[in-house]
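Take a look at the structure set out below.
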Amino acid sequence: MGWHTGEPIPHESFVRLIGHPRFPEAARALAVNMLALSERDKALDGLFKDAGRYVAALWAMYLHVTGGLTLPRLKDVCVTSAYLSPGRARALLLYLRHLGYIDLVPSGTQGDPTRYVPTDSFVAAWRDHLRAALEAARIVEPAIQLVHDRLDDREILASVAKIQGEGLLAAARVSNQDSAFIRIFMHRHAGSQIVWSLVQAGNSDAFPPCVPIPFSISAAARRFGVSRIHIKRLLDDAEREGLLKFNDSGTILLEEDARAYIQYAYAVQLIRLFTAAAGTLADTHAVAAPPVPERVAESTQARG
């Protein structure tokens, strides 16, 4: 429960986590688990392709459990967070529908905004994604197992989604969305996945790796479904910004600024997972409630 500190994350929490002997192992496991999910689930792979899609999915789940997913509400959080432009909100809803992740709910009153609800496939995929993330986080904080094992309970899943969404909104008000690393890697197609493939390398106490990392542009292009030219341009831009050095021998060396940002970003992700688990455990009703079968839960909601 010591991680349940809210936003902004206290400096002491970063010091505590980064100094933990198993932080490098947990951070690498987070990258490994996300890559494995990408390869196993093509719909999730599409969400992981850039930060905009991923954040839209996170907002969709958050808005659903906090009053309903509508286009006006999604635009509002886009404006508040500055992670996405409000103009992109409609396109992202269409993309989630294309994946079969949300359905329309007929409006009962003329003039009311169209409401969307997550499909069973979206709920299952988001649960798998959270479970994979929590598996990495429990390397540092074993008590997370208490929440990890209860994600089939929709009330537990909703609690985690709500706390994650609140944390991201709060953090967005003070974070810098225009850094070179975010522009080049987070908002470019497959940029996040390239970072995952880089940071999973090595097994030393250094995270991210401080030694040259073998990297094949051709293999990465095949793995992530993008062109070799796209990856080469991304790496060239990163090199111009002083984030890495790409050698003709086929290795990438992360520069100090990139290593510092990656370490910070992974620490933030893990602390937010700790916070979501701790906040869910603090909700005694959610923890005490027995698992509700999905069909029963849906029929109860329909009667409501």
Correct closest heavy-atom pair for L157 and L151 would be CB-O, 3.9 Å

Under a 3.5 Å cutoff, is there a donor and acceptor pairing between the side chains of T119 and S121?
yes

Taking the six-membered ring for Trp, are Y116 and W59 closer than 6.0 Å centroid to centroid?
no

Between H129 (side chain) and L44 (backbone), is there a donor-acceptor pair under 3.5 Å?
no

Restricting to ring-ring contact (aromatic ring centres under 6.0 Å, His included), what partner residues turn up for Y101, sequence neighbours left out?
F122

Pairing residues for R223 by the salt bridge (Lys or Arg N to Asp or Glu O under 4.0 Å) criterion, not counting sequence neighbours
E39

Side chains of Q200 and R28, donor plus acceptor under 3.5 Å
no

Heavy-atom closest pair, residues A258 and L243
CB-O, 3.1 Å

Output yes when a side-chain donor or acceptor of R73 lies under 3.5 Å from a complementary backbone atom of G68, and no otherwise.
yes

Within the distance-only criterion (no hydrogens, no angle test), does the side chain of S81 pair as donor or acceptor with the backbone N or O of V77 below 3.5 angstrom?
yes

Cation-pi between R16 and W3: NZ/CZ under 6.0 Å from ring centre and within 45° of the ring axis?
yes

Look at the side chain of T280 and the backbone N and O of A276, then say whether any donor-acceptor pair between them is shorter than 3.5 Å.
yes

If two hydrophobic side chains count as joined below 4.5 Å and joins carry through other members, does V268 share a cluster with L254?
yes

Tell me if a side-chain donor or acceptor on D50 pairs with a main-chain N or O of H189 at a distance below 3.5 Å.
no

When the ring planes of F207 and Y266 are compared, do they come out parallel, tilted or perpendicular, using 30° and 60° as the limits?
perpendicular

Taking NZ, NE, NH1 and NH2 as the nitrogens, is one of them in D236 or R233 under 4.0 Å from a carboxylate oxygen of the other?
no

So how far is it from L30 CG to E25 CD, rounded to the nearest 0.5 Å?
12.5 Å

Does this structure show an ion pair linking D152 with R131, if we count only N-O contacts that are shorter than 4.0 Å?
yes

Any donor-acceptor N/O pair, S13 side chain to I9 backbone, under 3.5 Å
no

K162, NZ: over 12 other non-hydrogen atoms inside 6.0 angstrom
no

Are side-chain heavy atoms of Q164 and L273 found at a separation under 4.5 Å?
yes

